[in-house]
Amino acid sequence: MTTASPVAPATATIHRWTPVSRTASGALAALLLALAFAPFVFTPEATAKLTTLFVLVIVAAMWNALAGYAGLVSVGQQGFIGLGAYGVFLFVDRGVSPFLAVVLAALLAGAVAVPTSLLAFRLTGGQFAIGMWAIAEFFRLVVVNTPSLGGGSGRSLTDLSATDPAVRQAQVYWLALALMSVLLLAVFVLLRSRLGSSLEAIRDDPVGAASVGVRVTSAKRLVFVLAAVGCAAAGGLTLANTLRAQPDSIFGVHWSAYMIFMVVIGGLGTFEGPIIGAIVFFLVQDWFGDNGGTWYLIGLGALAIGMTLWMPHGLWGTVARRRDLELLPVGYRVRTPVV
């Protein structure tokens, strides 16, 4: 009489990539490569609009990294956008190429973010949000009271004005595409690292995260500096795209409203959500912004309220939850085999 050998129990496996996510990442890489040829196909006006879209994607991704993963809800990131724009003037005045100046101004803003965090991190919750607004206003007042930066009337980037418009616009477009790709990759790598898990723990319970050994302040400071660099890059690109900066505009709180809107629409705390939210906002702004007037702004507010009430996870967040789908996974997934 023989006895059947015992069957080993099925075990769950932990993974990140799925066939869908591998296909999506490959498609995204192909799309970015194809976008590099846009200046040879589209008009300068079209590439200028695409540059604006890239700027929106950058600021949405940066705000999502802050609020969606680190729990740092800020309404003052426009301060770093303004620093990025006016930092370009500082380097251009010293003979630096305007395109290199955009990169250097972004790094300078990141350096400024370090001492800024020492003050801002003394605040929490709503105090942090409003405190960042006050810091942004301080940056604006410094610029307004600096005559070499144009004061309250603003200043034009004359170093690029003499360049052929089509050539200039193509160069600005390529710089915007490159910076967007690098910054998105930086956020992606950060969120997939151990630090990414630490940030989510900090967002959910800072005290609990600290109790298990997470270096809360250091982790928050790193993502704060990264967000400052990204927002400053967006400010420099905006200046290069429009050739003029004016304090009340480049330091305007409407930038924070745009960031919050894009992230809420796309999906807070997801990697793909802010990108989708930026595309939606760009299309709405392009179709209705020039002719909608006040009703356009009212419509944006009503849409944001509606999404918060009936789709609190945003467009992509809702789809991802219902379909158990991730195109660019930053976390782990548990696969339980069917017995």
Side-chain angles (χ1 to χ4, degrees), residues 52-53 55-81 120 123-134 136 184 187 191 196 199-206 220 223-224 227 230-231 234 252-289 292-331:
T52 300
L53 172 60
V55 168
L56 292 175
V57 170
I58 290 173
V59 296
M62 295 302 108
W63 197 87
N64 182 60
L66 274 178
Y69 287 95
L72 296 171
V73 179
S74 169
V75 292
Q77 292 309 110
Q78 65 272 12
F80 295 108
I81 293 176
L123 309 173
T124 58
Q127 293 178 337
F128 173 81
I130 301 303
M132 286 302 301
W133 190 354
L184 286 179
V187 172
L191 295 179
L199 290 173
E200 294 188 59
I202 293 168
R203 176 196 62 195
D204 296 335
D205 186 356
K220 291 197 299 184
V223 73
F224 184 79
C231 288
V253 73
H254 65 275
W255 281 105
S256 284
Y258 292 167
M259 295 180 213
I260 296 171
F261 177 85
M262 291 184 288
V263 174
V264 168
I265 291 296
L268 180 68
T270 65
F271 184 81
E272 303 91 341
I275 301 175
I276 294 174
I279 295 172
V280 171
F281 177 71
F282 169 77
L283 293 176
V284 172
Q285 191 179 51
D286 186 55
W287 292 340
F288 304 109
T294 305
W295 287 106
Y296 155 72
L297 298 175
I298 294 174
L300 288 180
L303 179 59
I305 293 172
M307 290 292 297
T308 303
L309 292 175
W310 292 294
M311 294 183 69
H313 301 295
L315 294 173
W316 177 252
T318 301
V319 171
R321 285 171 175 264
R322 291 180 179 177
R323 301 293 183 180
D324 190 25
L325 181 65
E326 282 186 291
L327 299 182
L328 297 168
V330 295

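Sequence positions, counted from 1, serve as the residue numbers for this chain.
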Without placing hydrogens or testing angles, list every side-chain donor-acceptor pair under 3.5 Å for residues 299-313, not counting sequence neighbours.
residue : atom : partner : partner atom : Å
Thr308  : OG1  : Ala304  : O            : 2.8
His313  : ND1  : Arg321  : NE           : 3.3

Item to complete: Please step through side-chain contact (heavy atoms from CB on, under 4.5 Å) for the pair Val73 and Met132, ending with a clear verdict.
Response: CA-CA 9 Å; Val73 179; Met132 286 302 301; over 6 Å; no
Show me the donor-acceptor pairs within less than 3.5 Å that the side chains of residues 263-270 make with the rest of the protein, sequence neighbours left out.
residue : atom : partner : partner atom : Å
Thr270  : OG1  : Gly267  : O            : 2.8
Thr270  : OG1  : Gly273  : N            : 3.0

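- With sequence neighbours excluded, the residues that form a side chain to side chain contact (heavy atoms under 4.5 Å, CB included) with Ala234 are Val55, Ile58, Val59.
- Applying the ring-ring contact (aromatic ring centres under 6.0 Å, His included) rule to Tyr258 yields the partners His254, Phe281; only residues at least two apart in sequence or on another chain are considered.
- Among residues two or more places apart in sequence or in another chain, the side chain to side chain contact (heavy atoms under 4.5 Å, CB included) test is passed with Ala129 by Val75.
- For Ala136, the side chain to side chain contact (heavy atoms under 4.5 Å, CB included) criterion is met by Gln78, not counting sequence neighbours.
- Here the closest non-hydrogen pair linking Gly131 and Leu123 is CA-CD1, 3.9 Å.
- Pairs of residues two or more places apart, or lying in two chains, that qualify as side chain to side chain donor-acceptor pair (under 3.5 Å) and include a residue from residues 62-74 are Ser74-Gln77.
- Within the 4.5 Å cutoff, side-chain heavy atoms of Ile81 are placed close to those of Met259.
- Considering only residues two or more places apart in sequence or on other chains, Trp316 meets the side chain to side chain donor-acceptor pair (under 3.5 Å) condition with Glu272.
- For Phe271, the ring-ring contact (aromatic ring centres under 6.0 Å, His included) criterion is met by Phe188, not counting sequence neighbours.
- Nearest heavy-atom pair across Leu56 and Gln285 is CD1-OE1, 4.4 Å.
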